Amino acid sequence: MELLSVHNLNKKYEKFALKNVSFSLEKGYIMGFVGRNGAGKTTTLKTMLNLVHADGGTVSFLGKDYFSDELACKQKIGLMFGDIFYYPKQRLRTITNVVKRFYNEWDDAAYEGYLARFDLDPEKKVEKLSTGMKVKYSLALALSHHAQLLILDEPTSGLDPVSRDDMLELFQELIEGGETSILFSTQITSDLEKCADFITYIKDGAIIASTEKDEFLDSYKILKGSGERLTNDLRHKLIGCKENSLGFSGLVKTTDLRGSTGLEVSAADIESIMIYYEKGRAE
Amino acid sequence: MNIIISNTSDKPIYQQIFEQVSAQIVKGELERDFCLPPIRTVAKQLRISVITVKKAWEELEHRGFIYTMVGKGCFVAPLLPGERASKRDELVAEKLKKDIEYYKGLGLTLPELIELIRRYYGS
């Protein structure tokens, strides 16, 4: 069942614009949101949540129109943005007591559970927390009111590999019941390689792809070969091409692969798809 | 039921799952009507996407290794010993055909190939 649907979202700034951003997410899945710095990930998340006003487009959540029913929708959404700062001189306990009052379904037991799981001391002051601890605290706040959709902006950045692994395990636990979905943006594409069901890729404010991860990965291949094999026809098909005296490598749509016998074809991962895409089509 | 995923293999993960579970079924290690764990639990335990597991289960069902009871889960199909053997042969044929292509590409004749299989079968 559809949980979230973003349709033709537009937001214009002086030097940047979101262009008809559309994607949707069903209940019980993890969607990874990728793109370069400045591609529009955070702007998309903020616009769809009405933290900044959209110039056009609709967002529906659990069948409701988000923009006209924002308060009710937010009760069911857990948010975590990397650039939210808490009062540095306050204790976690104090901040939590403020936040929890906004949520009808705040669950103290769940919150205590996350504090214990993340090894957080509620008596600590925010300024005493490490970067990773701050991320974990934000997550504990986002997870403790039975949200059905978690929107997490770079939740794993700043975490050590062990904590990141714990976090991904937690994400999979959260969606196991099939009711909760997670939309998270990240630069650490290997995290998505493991657990994401869907990938949405944004470039210069426009969605390049929003599809099942396996399908996304299967639709591209990396081609390598010696320089003389790089014909004009082939060059035209390549999305991003790196050439040097030893040969060339480029990304190609799997559907364009025919006729490239004799070239080295290998599977593409999210990172390489992004890198070649951002280098643009070869001239 | 055992599933071991290799992240370095060229084989897609759903294919690895399909091969391992179907092998356990044709060998009779998983008995008829054995209830497979829920897709979401498998995904969590293997640390892979829900959709990948779903795809493997769908392939298993499509090929007649398991059946689904709505609301209850997936179960190992009740195969007669003869059916198990023919399903095993199907799997073998698929793999063999691919391998034989490769050997033909290397110029091996059938007697040469059989000789090599004899030599290495036990090792």
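Everything numeric here is computed off the predicted structure, so don't read it as measured data. In what follows, every chain begins at residue 1, and chains take the letters A, B, ... in the order their sequences are listed.
Using a 4.5 Å cut-off between heavy atoms, A:F171 does not touch chain B at all. Interface residue A:L168: backbone and side-chain heavy atoms are both found under 4.5 Å from chain B. A:K213 touches chain B through its side chain: at least one heavy atom from C-beta onward sits under 4.5 Å away, while N, CA, C and O do not. In this structure, no portion of A:L217 lies under 4.5 Å from any heavy atom of chain B. Contacts between A:E169 and chain B at a heavy-atom distance below 4.5 Å involve backbone atoms as well as side-chain atoms. Residue A:A196 touches chain B through its backbone alone, counting heavy-atom pairs closer than 4.5 Å.
Smallest separation of non-hydrogen atoms from A:K27 and B:R40: O-NH2, 4.0 Å. Minimum interatomic distance between B:T41 and A:E176 (heavy atoms only, all atoms of both residues): OG1-OE2, 2.9 Å.
Counted within 6.0 Å of CD1 on B:I4, heavy atoms from surrounding residues, nucleotides or ligands total 12 or fewer; the atom is thus considered open. The number of heavy-atom neighbours closer than 6.0 Å to NZ of B:K87, taken from other residues, nucleotides and ligands shown, is above 12. Residue-environment remark: CD (A:E271) stays at or below the threshold of 12 foreign heavy atoms within 6.0 Å. For CZ of B:R63, the number of neighbouring non-hydrogen atoms (other residues, nucleotides, ligands) closer than 6.0 Å is greater than 12.
The line from CD of A:E193 to OG of B:S49 is 11.5 Å long, rounded to the nearest 0.5 Å. From A:F198, atom CZ reaches atom CD1 of B:I51 across 3.5 Å, with rounding to the nearest 0.5 Å.
B:R47 contributes a side-chain N or O that, together with a main-chain N or O of A:D165, makes up a donor-acceptor pair within less than 3.5 Å.
One side chain, B:T52 or A:D214, offers a donor N or O that lies under 3.5 Å from an acceptor on the other.
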